[in-house]
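Worksheet: one structure, shown below.
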Protein chains: 2
Amino acid sequence: MTPKWVEALQHVIPDNRLLTSLPDRFSYSFDASFGEYLPEAVVQVMSREEVVEVVKVADHHEVPITPRGQSTSLSGGPLPVHGGIVLDFALWSQTLDVDPENKTVTVSPGVLTADINAAGEPHGLLYAPDPSSAHVSTIGGNLAENSGGPKGLKYGVTKNFVLGLEVVTAQGEIIQTGYRTSEEEPFDVTKLIVGSEGTLGVITEATLKLMPIPQATKTMMAVFDDIVDAGAAISKTLTSGIFPSKMELIDEGCMVAVENYQPSGLPVDAKAVILIELDGHADALADEAEQVANIVKSVGARETKIAANEQEAAQIWTARKMVSPAISQVKPTKISEDATVPRSKIPEMMQKLHDIRDRYDLDLVVFGHAGDGNLHPDILADKRDPDEMERAEKAVAEIFSAAIELGGHVIRGARHRHDESAVYGRGTWGNGPGDDETVKAILGSERHYESR
Amino acid sequence: MTPKWVEALQHVIPDNRLLTSLPDRFSYSFDASFGEYLPEAVVQVMSREEVVEVVKVADHHEVPITPRGQSTSLSGGPLPVHGGIVLDFALWSQTLDVDPENKTVTVSPGVLTADINAAGEPHGLLYAPDPSSAHVSTIGGNLAENSGGPKGLKYGVTKNFVLGLEVVTAQGEIIQTGYRTSEEEPFDVTKLIVGSEGTLGVITEATLKLMPIPQATKTMMAVFDDIVDAGAAISKTLTSGIFPSKMELIDEGCMVAVENYQPSGLPVDAKAVILIELDGHADALADEAEQVANIVKSVGARETKIAANEQEAAQIWTARKMVSPAISQVKPTKISEDATVPRSKIPEMMQKLHDIRDRYDLDLVVFGHAGDGNLHPDILADKRDPDEMERAEKAVAEIFSAAIELGGHVIRGARHRHDESAVYGRGTWGNGPGDDETVKAILGSERHYESR
C-alpha cells in the first residue's frame with residue numbers, strides 16, 4: 001500500500017523524478033562509509049520550489065529527509081538512517097557564477113568543488129578549502145560537513161569561506177542567511193548551518209568567498225627516522241614566522257602501502273615524512289624553503305627534498321592523495337577515524353597510536369593534516385574476521401580516549417568504508433538511477449561494503 | 001524601597017562590589033555612542049561563580065543584564081537600555097595565557113586587545129583582528145561585537161580567530177563551546193555567540209587562534225583626483241594575485257580634518273587616498289609594492305608613495321588612526337554610520353554619498369576598510385541645531401537605502417557619539433567607580449554626549 005505521504009508527493013513531483021522501486025532506492029542506500037540504509041522514496045528535485053513542496057509534505061507527515069550530493073561521504077552524511085526521503089540534486093540545473101570584482105562565487109549544492117576553482121582560475125581567484133575528494137565531491141556535501149583539507153592549516157575550513165546561504169527550513173520556508181558582502185551577520189546562522197549535516201535545513205544555494213591565487217608555491221618533503229621528531233618539526237616550523245599553506249604527515253605504514261600501490265618515491269625505510277607547501281611570492285619561497293629545511297634538520301630530520309619544479313611537486317602531492325586508496329588495498333575493511341589533538345601533543349599521540357597498534361596486533365596507519373593536529377588513524381582489517389574486528393573496536397575506543405585525554409577531540413560517527421565505493425556513489429549520481437542493470441551490477445559486486 | 005532582586009544580590013555579592021547609588025550607576029550609563037541609560041545596579045564580578053549567581057537572580061526576577069568592558073563601544077554595546085544590572089569585569093583577575101606551540105591564547109573578557117598581541121610577540125605570534133580601538137577596548141567587547149579592523153581584508157574579523165568560549169547562559173549554566181584545537185564544532189555555537197552582542201549569554205573566557213607574525217610589511221599610499229578611480233584601483237589590485245593585508249580609503253573631508261588636527265602629510269588637494277599595507281617575506285614586498293603602484297597608476301592614481309622605512313609607515317597609519325578623533329573636532333556631534341557594499345560598488349556608493357552630502361548641505365566625510373567594501377560615512381553636525389539634525393536624519397536614511405540598493409548592508413544601531421568619550425569609559429572602568437568626585441567631574445563636563 002502506498003503511504004499517504006508518497007501520494008502527497010505524487011501531487012507535486014512528476015512520476016519520473018519520484019523513485020520508489022526497490023532497485024531505484026537501493027542506489028541511494030549507501031555512500032563511502034560503512035552504513036547502508038534504504039530510503040522509502042527518492043525525489044530528484046529540479047528547483048527550490050520543489051524542495052519547498054517536498055519539505056512541506058515531509059513536515060506534515062513527519063517523514064525524514066536526507067539531501068544527497070555525490071555520496072562520497074566517509075561519515076554517512078547522505079545516508080537515510082531513519083528511512084524517509086532522499087533528495088537527489090543530480091538533475092538540478094547547477095549555478096556557478098563567479099563575481100571577480102567582489103571575489104565571490106554563487107553556487108548550487110550539486111556543483112563539484114573542483115569546478116569552483118576551475119571557474120575562478122581565469123580570474124586569478126581561488127576557493128581555498130581543498131578536501132582530497134574535491135574532484136568528486138559536491139559543495140553541498142562540503143557545506144553540510146564543513147570539509148577541511150591540507151590548506152586548512154593556513155586558510156581555514158569550508159565555513160571560513162561562506163558568506164551567505166539560501167536554505168529551505170524544516171517548515172518549508174526559504175530563508176537567506178548572511179550577506180553577499182561580508183561576515184557581519186549579527187547572529188551567525190550561516191556558520192551554524194555549515195557543518196550541521198543537514199539537520200537545520202536544505203541548502204539550495206551558497207555565496208562563497210574567493211581569494212587571489214598565490215603567485216607561486218614551493219613543495220618540500222622532510223624525512224624522519226623518529227615520529228616524535230616529526231611532531232617537533234611541525235611545532236617549531238609553525239612558530240618560526242613562516243606560515244606554510246600545507247603541512248601533512250604520512251607514517252611508515254602509509255608510505256609502504258603507497259609504494260606497493262603506485263610507486264611514488266616515498267622513503268619506505270623512514271618512520272614518517274612531512275610534506276610541506278609554501279605559497280606566496282616566488283622570490284620569498286626559495287629563502288623560506290631553506291629556512292624550513294634548517295628548522296626541521298635542527299630537530300632531527302634525516303633529510304629534506306625540495307621539489308625542483310612543478311612536476312616534482314605534483315608527484316609529492318599525488319603520493320599524498322594516494323594514501324587513502326593505497327591503504328584500502330591492504331585489507332578489505334578500512335576503519336577510518338578522525339582525531340584532532342593540540343599540535344604540541346602530536347608526538348605523544350603518535351606514540352599512543354603505535355602502542356595501541358602493537359597491543360591489539362592491528363594494521364594501524366596514520367596520516368593527516370598534522371599542521372592542524374588533525375590525524376587520520378586508520379585500521380586496516382577484514383570484516384569477516386570477528387576476532388580482528390573486536391580488537392579493532394577496542395582499539396578505536398582507546399584512540400578516542402587518547403585524543404580526548406590529550407585535550408583533543410574526535411569526529412563523531414567517522415566510521416569509514418574504504419574510498420573506492422565513492423565511485424559507485426558518483427556513478428549513481430552522475431548517470432541518474434533507475435537503470436536496473438546498473439543497480440544489479442552494484443548489487444552483484446557487493447564489494448563496496450563487504451570485501452574487495 | 002530596595003527591589004527584591006537587589007536584596008537577592010546582596011546575599012551573593014559583597015556590598016562593596018554591588019553598586020546602587022545614583023553617582024555610581026551614572027558612571028555606567030554611557031559608552032562612546034549616543035545613548036545614555038541608567039542601570040539599576042552594577043555588580044563588579046570577580047569569578048565565573050559570581051556571574052552564575054547574578055545570572056540566576058536576574059533570571060528568577062526577570063531583570064536584564066548587560067556585561068561591560070571598557071565602554072569604548074560606538075554602537076551602544078554596553079548600555080543597559082532596559083535598566084537592570086550592569087556586569088563590570090574591572091576587578092576580575094584577568095587571564096592571558098599564550099600557548100606558543102599550539103598557537104592559541106586563552107583570555108578573560110577584560111583583557112585589552114592590544115595586550116594579547118604584546119603577549120604573543122615574544123613568541124612570534126599575532127592576534128590578527130585589529131580594531132582601531134585595540135589599545136583601549138577589551139576582547140570581551142570585541143567578541144560581543146565581532147570587531148573588524150584594517151587587517152580584516154586579508155585575515156578576517158574576530159570570529160575567524162575564536163576556537164572556543166566559556167559562557168554563562170541566561171539560566172546560569174556554565175557551558176564550553178568549540179574546541180581548543182580546531183574549528184570542527186558540529187553546531188557552531190561559538191560563532192553564533194560571537195557577534196550576538198551579549199544576547200545569548202555572558203562570555204567568561206575565550207580561546208583564540210594566533211598566527212605567525214609576518215616577516216615584513218610595506219606601506220604605501222595611492223593618491224587620487226577622482227573617487228571613482230580610487231574604487232577601481234581597489235578592485236583591480238585585489239584581482240591581481242596580490243593580497244594586501246590592509247587597504248583603507250580616506251576621502252578629502254577626512255584628510256582636511258586630520259591635517260587641521262594633527263598635520264600628517266596627507267594630500268589635502270586630492271579627492272581620496274588609499275593606504276595599503278603588504279605583508280610577507282621582505283624579498284617579495286619590494287616587487288609587490290611596485291606591481292601595486294603600476295596597477296593603481298593604470299586606473300588613474302596621480303601618484304604613489306612607498307614608505308621608505310618603518311617610521312614613514314607608522315606615520316601613514318597614525319594618520320589613518322587620527323581620522324576618527326580629527327573629524328570629531330570639526331563639529332560637536334558626530335553621527336557615525338557603518339555601511340558595507342560589494343567592493344565593485346564602492347565608486348557608485350561614493351558618488352551617492354557625495355550627492356547626499358550636497359543635497360542635504362551636510363559635512364559628510366567617508367573613510368573605512370575599502371578593500372572589504374566596508375565604508376564609514378560620518379556626518380558632522382551640531383545636536384543643538386534641530387534643522388541640521390533633521391537633515392542628518394534624512395541623510396542617514398538615504399545612506400542606508402543606498403547601501404542596501406547596491407546589494408550591501410548596514411550595521412543596525414550604529415549611531416555614534418564622538419570617540420573622545422571613550423576616555424571616560426576607560427577612566428570609569430580602570431579606576432573603579434564609586435568616587436563621587438570622579439562622577440561629578442564627569443557630570444560637570446557633559447561634553448561627552450552633548451558638545452565639545
Side-chain angles (χ1 to χ4, degrees), chain A residues 99-104 123-125 146 148 152 156-157 159-160 179-189 191-192 194-197 199-200 211-215 235 238-243 280-285 287-288 338 340-345 372-374 407-409 411-412, chain B residues 99-104 123-125 146 148 152 156-157 159-160 179-189 191-192 194-197 199-200 211-215 235 238-243 280-288 340-345 372-374 407-409 411-412:
Chain A
D99 179 345
E101 273 198 286
N102 293 307
K103 294 199 301 171
T104 61
H123 307 285
L125 295 171
N146 187 28
V157 293
K159 80 169 61 177
N160 300 119
Y179 300 112
R180 298 294 172 265
T181 41
S182 74
E183 290 186 75
E184 286 155 357
E185 198 173 11
F187 292 98
D188 201 333
V189 176
K191 290 186 172 60
L192 187 66
V194 175
S196 66
E197 303 189 5
T199 53
L200 300 179
M211 54 168 270
I213 298 174
Q215 295 187 324
S235 283
L238 289 170
T239 49
S240 71
I242 295 169
F243 202 171
H281 193 284
D283 293 351
L285 296 184
D287 176 52
E288 286 190 349
D338 198 324
T340 299
V341 294
R343 194 159 34 224
S344 59
K345 303 291 187 189
D372 275 334
N374 181 204
H409 65 277
I411 307 282
R412 70 271 153 248
Chain B
D99 178 346
E101 274 197 285
N102 292 308
K103 293 200 300 173
T104 62
H123 306 287
L125 294 172
N146 188 26
V157 292
K159 81 169 62 179
N160 300 118
Y179 301 111
R180 299 295 172 265
T181 42
S182 76
E183 290 186 76
E184 286 155 357
E185 197 173 12
F187 292 98
D188 201 334
V189 176
K191 290 188 172 60
L192 187 67
V194 175
S196 67
E197 302 188 7
T199 53
L200 300 179
M211 53 168 271
I213 298 174
Q215 294 187 324
S235 283
L238 288 170
T239 48
S240 70
I242 294 169
F243 202 170
H281 191 285
D283 293 351
L285 296 184
D287 176 53
E288 286 191 349
T340 300
V341 294
R343 194 159 32 224
S344 58
K345 303 290 186 189
D372 274 335
N374 181 203
H409 66 277
I411 305 283
R412 71 272 155 247

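The analysis underlying the following values was restricted to heavy atoms, covering all of them including side chains, and did not include hydrogens, waters or symmetry mates. Lettering follows sequence order; numbering is per chain, from 1.
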Ranking B:A282, B:S196, B:G124, B:P214 by heavy-atom pairs under 4.5 Å to chain A gives rank one to B:S196
Apply side chain to side chain contact (heavy atoms under 4.5 Å, CB included) to B:E101 and list each qualifying residue two or more places apart in sequence or on a separate chain.
A:S235, A:S344, B:D99
Within the 3.5 Å criterion, strictly below it, is a donor on B:H281 or A:D283 matched to an acceptor on the partner's side chain?
no
Do you know the tightest heavy-atom contact between B:L192 and A:L192?
CD2-CD2, 4.1 Å
With sequence neighbours excluded, residues passing side chain to side chain contact (heavy atoms under 4.5 Å, CB included) with A:I213:
A:E121, A:L126
Toward chain A, the part of B:L200 with a non-hydrogen atom under 4.5 Å
side chain
Between B:Q215 and A:I242 the two heavy atoms that sit nearest each other are NE2-CG1, 3.8 Å
Closest approach of B:L238 and A:P212, non-hydrogen atoms and distance?
O-CG, 3.8 Å
Close side-chain approach of B:N160 and A:N160, heavy atoms under 4.5 Å:
yes
Looking at every heavy atom in both A:R343 and B:N102, which two are closest together, and how far apart are they?
N-OD1, 2.5 Å
Looking at B:F243, does the NZ or CZ of A:K103 lie under 6.0 angstrom from its six-membered ring centre and within 45 degrees of the ring axis?
yes
